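The shown structure was predicted, so the numbers you read here are calculated from the model rather than taken from an experiment. Because only heavy atoms are used, hydrogens play no part in the values below, and waters and symmetry mates are left out as well, while side chains stay in.
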Amino acid sequence: MADAADLRGTTSARARRWLRRTAALLAAAPMLAGLTQIPAAPAAHAESKATGSRSVDVSITSLTPTAPKKSDTLTVSGTVTNDTKTTVSGARVGLRVGPTMNGRSAIDTAAHRSGYTEGLDGTAVDDKYAKKIGKLSAGASRDFSLSIPVDQLHLGEDGVYQLGVSLTGGTSSQPWPQVLGIERTFLPWQSGTARKKSQLTYLWPLISATHVTARTDNDEDRTPIFRDDRLAEELAPGGRLQQMVALGKNLPITWVIDPDLLATVDAMTKKYEVQNPSGKGTTAGRGQTVAKQWLDALQKAVNGKQMVALPFADPDLASLAHRGKNVTGTLSHLQGATELASTTVETILGVRPRTDFAWPVDGAIDSSIVDVATSGGAHNVIARSDSLRETGGLSYTPTAARQIGGGNTAVVADARLSTAFTGDMSKAENSTLAIQTFLAQSQMINLQAPDKQRSIVVAPQRTPTTSQAQAMAAALEGLSGQWTQPLSLGQAAKAKPDPSATQRVPSSRSYPRSLRARELPIEAFDRIQETQKTLDNFEPILTAKYRVVTPFGNAIRREMSTSWRSEAHNAAGFRHDVQTYLSGLTKKVRLVPKTDMTLSGRSATVPVTLQNNLVQGVELRLVLRSQQGNRLAISDPQLVHVEGGHSQSVKFGTTANANGPVWVSAQLYTPDGQPYGHEMLFEVNVTEITSTVILVIAGGVLLLVLAGVRIYVQRKRAAARSGEDGGDGEDAEMAHGQDDEDDSEAPEADRRDPAHALVPEQPSDPAADTGSQSAGPSGSGEKVER
C-alpha cells in the first residue's frame, strides 16, 4: 500500500558525499590499472566487490536506542560466525550507513536482500569505531559490540537510513580485505518533532484457546471440568498471558479481549477439575492462585484504557459466513455471544467494554463476512490492508476508517505493521530486525505526507507468544511519540475517512484460499445445531435450568471459536464430547421398561414408572394411549414432577370393553408439548367376564329365588293344615319339628351359600386374593396381573 510514495529529493548529505566518493574511485580506476602490473592488489580491491552470498554470518542481536536522538550513543551488538571451511584473517566488524529509504517498498526490499552489494550497502563508518576480531577460524563465532555517538554517523535530514554491520577480512585464496558478511537493519532518524504526527492505534489482544468442557461435577457448586491445565501456565509469572498484561499496563494500547478467557480464569479462582490425559477421571486443578493474581493485575492494567470485547468465545466469522449460514439457526448464536460478552466483562472486571467491533481472522473480509458481523451487532469491522486493498493510486497510506455502506465502518489495519512480529521472536536477531523494521515503516508512513495527519491502526496476531509480545512492547516504547501519538480504537473508527481511499468490500471470490482451507466445515455447524436442538428439548423439563443451559450454551459457542482453526482434530473431538455428554444427561430421565400385563375386570389401573437420575427435579407430561380405544380406554395424561435421584409410579385408569390383547404406548412430553425420549410400547391382555358366566350366575340367582318361594309355600301350607285340624300345640310343634328335621337332613351342599350351591366353580376363576403388583393400593374389585 502506498508504495508509490517514494521520497524524491530527500537524499541525505551523507548519501551525496558517498556518491561523489564512489564517482572519484571509478574515475581513478583506469589510471591505477595503468600504473601497476599486479593484476589485483589487495588495496585496490578493498571492499570493491560484492560477495554475492554470505560466507561469514553476521547477526545483530541488539540495537539501542531503537530510534536515537542526536545526543545519544548508538550501541549495536551481535555475533559473527565463520561458516566457511577456511580461516578468516584480519577480521574486523564495522558499521555501514547507506542512503535514506525512498519508500515503504524500499524497506521491504532491503530487509530481504542477502550478501553484500557495492553501491547499495553504503559506506563504512570511521575505523576507530570498528571492532577488530583478528583471526576467525572455520566454524568459530565471536561476539561484538560497537558504540558510536549518533552525531558521528553524519545523518542528514529526517528519514529511514539503512544501517549495516559488516565483517571485513581475507581468506587463504583471497587474502586482501573484503566484505565477507553483512547484516542490515534500519535506523529511523527524527531530528526534531514531526510537523503532524500520525495517530497510532495498537490493539493488544487477550485471547486464548478453549479450555473448559461442558461437563461439571454433580455437586451443588457445579464444579467445572477443564480439558487441560495449560491456562495456568499462561497465567503464571513469565507465561504468555501474564506477560501480555504486565507489558500492556504501561503501553498506549486498546485492549481487545475474548470474554470467554475472563470467564474461564474467573472459574479457575475457585475449585475446578481437570480431565486426565487418559480421558478417565479428573484431578484437582492447581491454578487458583495465579488466576486470582492475573485478574487482579488485569483490573489495574485496564484502568483508564479502552477495552473492546469480542463476542463470547471469539466465533470464527468467516466460517460462519461461508459455511455456517447454510445451516438453519446457526447465525442466531452470534447475537447471544455479543450480549454475553458485555455482561461477562462488566461482571468480572467492572468495566463496560465496546462490543460493536468485529475482528475476522487476519482482517480478511468479503461482503458475506461483513453481513454476518453486522448481524451480530457490530457496526465496525477490523479489516487489513492486504484484504481491503487500495486501488486509487494514492501516494500515501490513508486513514484507517472507511465507510462501507449501511452505516458500517471498516477499520483497515496496516498489513506491514500488523504482521511485523509474526516470526520467531525468541531469537534476538529476529526480534531486533522486526523492531527496527516496524519503527522504519511507521516513520515512513508519516514521511509520505508530513502535512497530512492520518490515523493508523495495527492489529497483530490474535495470540502472540511471550517473545512476540515483548518485541511488540519494545517497538511501542521505541516510538516515544517522535512521529506518532496514541489513539483508541473507538476514536480511530470515528476518524474522518480519506475520500480517495478504497471503500468497496471485496467479493467472496477474493477471500484467500489458505484461510478458507482452515475454516470450520459445514459438518461442524450441523453438529452444533444438533446439540442446540437437544438442549432446547431438554431445557423445558428442568426445574434448575441454569445448571445445564449455562454450561452447554457456552460450550456451543466455544464450538465456533476461531481458535479451532489450528486444531481441526481437537475441534471435532470437542463437538463430539459435548453432544455425547448432553445426550447422556437426557437419557437419565426415562420411563422404566414395562413388561406385558393382564387386566381382569372391566376397570383397573395401569402403573407406569418414571425414573430421574439427574441431581435436579424434572417436570413432564406423561401420556398413555391405547392402540385400540374401542376395546380399552385409558384416562387423561398426567403432569408428573420427580425430584432428582428419584423414581415415581404414575397410575392410569382403564376401562375394558372387550377381551384380548391391546398395545399401549407411553410417551413423555415436555410441558410445552414436545415429545421427550422414545415412545414405550407394551401389551395389555384384557380378560373381561364372559357372557356364559353371566348366564350361569343369572340362572343361579333364579334358582335361589325359586327355592325361597318353595320354602315359603311349604311353611304356609303347614300352618294352614295346623289351623284346620284344630290340633293342640303339641301337634303343631310336632309338625314344625318334622319340618326342621327335614331341613337338617338336607345335603351339606344345600346348606351353603345358595349362590355357591347353585353356581358351579370354574377352573378359570382367580384365587381369592391375587395381590396387586402395583406400587399403590388397587381399586375396588381390581385385579392386576403382570
Side-chain angles (χ1 to χ4, degrees), residues 1-12 14-16 18-19 22 47 49-55 57-60 63 66-67 76 78 95-124 153 155-167 179-190 384-386 389-390 393-397 414-425 427 429-449 456 458 471 475 483:
M1 180 173 62
D3 291 341
D6 292 343
L7 303 180
R8 300 175 178 84
T10 60
T11 305
S12 67
R14 181 167 186 82
R16 290 192 292 271
W18 175 80
L19 290 172
T22 302
E47 303 182 15
K49 286 187 177 181
T51 61
S53 62
R54 300 180 183 183
S55 54
D57 179 71
V58 181
S59 64
I60 301 174
L63 190 153
T66 55
V76 182
L95 293 173
R96 309 181 73 89
V97 178
T100 56
M101 301 287 100
N102 62 0
R104 301 190 70 182
S105 293
I107 296 175
D108 296 336
T109 301
H112 290 92
R113 276 197 301 115
S114 61
Y116 168 74
T117 303
E118 184 181 3
L120 294 179
D121 287 314
T123 56
L153 295 174
L155 304 176
E157 54 196 343
D158 296 346
V160 176
Y161 288 81
Q162 178 182 296
L163 182 68
V165 177
S166 61
L167 181 135
V179 176
L180 298 176
I182 187 170
E183 175 76 286
R184 59 187 61 80
T185 185
F186 307 100
L187 192 68
W189 170 243
Q190 186 80 34
R384 209 165 70 182
S385 60
D386 53 354
R389 298 176 181 273
E390 292 305 318
L394 286 176
S395 61
Y396 57 86
T397 302
D414 185 81
R416 286 186 176 96
L417 298 181
S418 298
T419 59
F421 303 100
T422 54
D424 181 7
M425 297 295 113
K427 296 181 179 179
E429 177 182 13
N430 294 346
S431 63
T432 299
L433 180 59
I435 291 169
Q436 296 306 125
T437 302
F438 177 89
L439 295 174
Q441 290 284 3
S442 66
Q443 187 189 29
M444 188 61 70
I445 291 174
N446 187 269
L447 294 172
Q448 287 172 338
I456 308 301
V458 181
W483 52 84

**Message:** Are Gln162 and Val97 packed together at the side-chain level, in the sense that at least one heavy-atom pair is separated by less than 4.5 angstrom?
**Reply:** no
**Request:** Would you mind checking if Asp414 and Arg104 are paired as a salt bridge, meaning a charged N to carboxylate O distance below 4.0 Å?
**Result:** yes
**Request:** Begin with the C-alpha distance, continue with both residues' side-chain angles, and end with the deciding distance and a verdict on side-chain hydrogen bond (donor to acceptor under 3.5 Å, both in side chains) for Thr397 and Gln448.
**Result:** CA-CA 8 Å; Thr397 302; Gln448 287 172 338; 3.2 Å; yes
**Prompt:** Between Arg416 and Asp386, is there a side-chain N and carboxylate O pair less than 4.0 Å apart?
**Reply:** no
**Beyond-backbone contact of Arg184 with Leu163, side-chain heavy atoms, under 4.5 angstrom** = no
**Request:** Work out which heavy atom in Met425 is nearest to a heavy atom in Ala434; give both atom names and the distance.
**Result:** SD-CB, 3.8 Å
**Message:** A side-chain contact here means heavy atoms from C-beta on lying under 4.5 Å apart; do Asp108 and Thr437 qualify?
**Reply:** no
**Prompt:** Looking at side-chain heavy atoms only, is the closest gap between Arg96 and Val179 below 4.5 Å?
**Reply:** yes
**Message:** Looking at Ser385 and Ala415, would you say the former's side chain and the latter's main chain have a donor-acceptor pair under 3.5 Å?
**Reply:** yes
**Message:** How close do Tyr161 and Gly156 get, counting heavy atoms only, and between which atoms?
**Reply:** OH-N, 2.9 Å
**Asked** With a 4.5 Å limit on heavy-atom distance, are the side chains of Leu187 and Leu155 in contact?
**Response** yes
**Spacing of Leu439 atom CG and Thr66 atom OG1 [to the nearest 0.5 Å]** = 5.0 Å
**Request:** Taking Asn430 for its side chain and Asp424 for its backbone only, find out whether a donor-acceptor pair lies under 3.5 Å.
**Result:** yes
**Asked** Between Trp483 and Gln190, is there a donor-acceptor pair closer than 3.5 Å when you use the side chain of the first and the backbone of the second?
**Response** no
**Request:** State which residues pass side chain to side chain contact (heavy atoms under 4.5 Å, CB included) with Ala475; sequence neighbours excluded, sorted by chain then number.
**Result:** Phe421, Ile435, Phe438
**Request:** To the nearest 0.5 Å, tell me how far Thr432 OG1 sits from Lys427 NZ.
**Result:** 13.0 Å
**Message:** To the closest 0.5 Å, what do you measure between CZ (Phe186) and CE (Met444)?
**Reply:** 9.0 Å
**Item:** Minimum side-chain heavy-atom gap Arg384-Thr419 below 4.5 Å
**Value:** yes
**Prompt:** To the nearest 0.5 Å, what is the distance between CD1 (Ile60) and CG (Leu95)?
**Reply:** 8.0 Å
**Prompt:** For Ile456 and Leu417, what are the C-alpha separation, side-chain angles and deciding distance, and is it a side-chain contact (heavy atoms from CB on, under 4.5 Å)?
**Reply:** CA-CA 10 Å; Ile456 308 301; Leu417 298 181; 4.0 Å; yes
**Item:** side-chain hydrogen bond (donor to acceptor under 3.5 Å, both in side chains) between Gln443 and Asp158, worked out
**Value:** CA-CA 9 Å; Gln443 187 189 29; Asp158 296 346; 5.9 Å; no
**Fill in**
To the nearest 0.5 Å, atom CD1 of Ile107 lies from atom CD of Gln441 at 4.0 Å
**Fill in**
Here the pair of heavy atoms bringing Ile182 nearest to Val58 is N-CG2, 4.0 Å
**Rounded distance [0.5 Å steps], CG in Leu447 versus CG in Asn102** = 12.0 Å
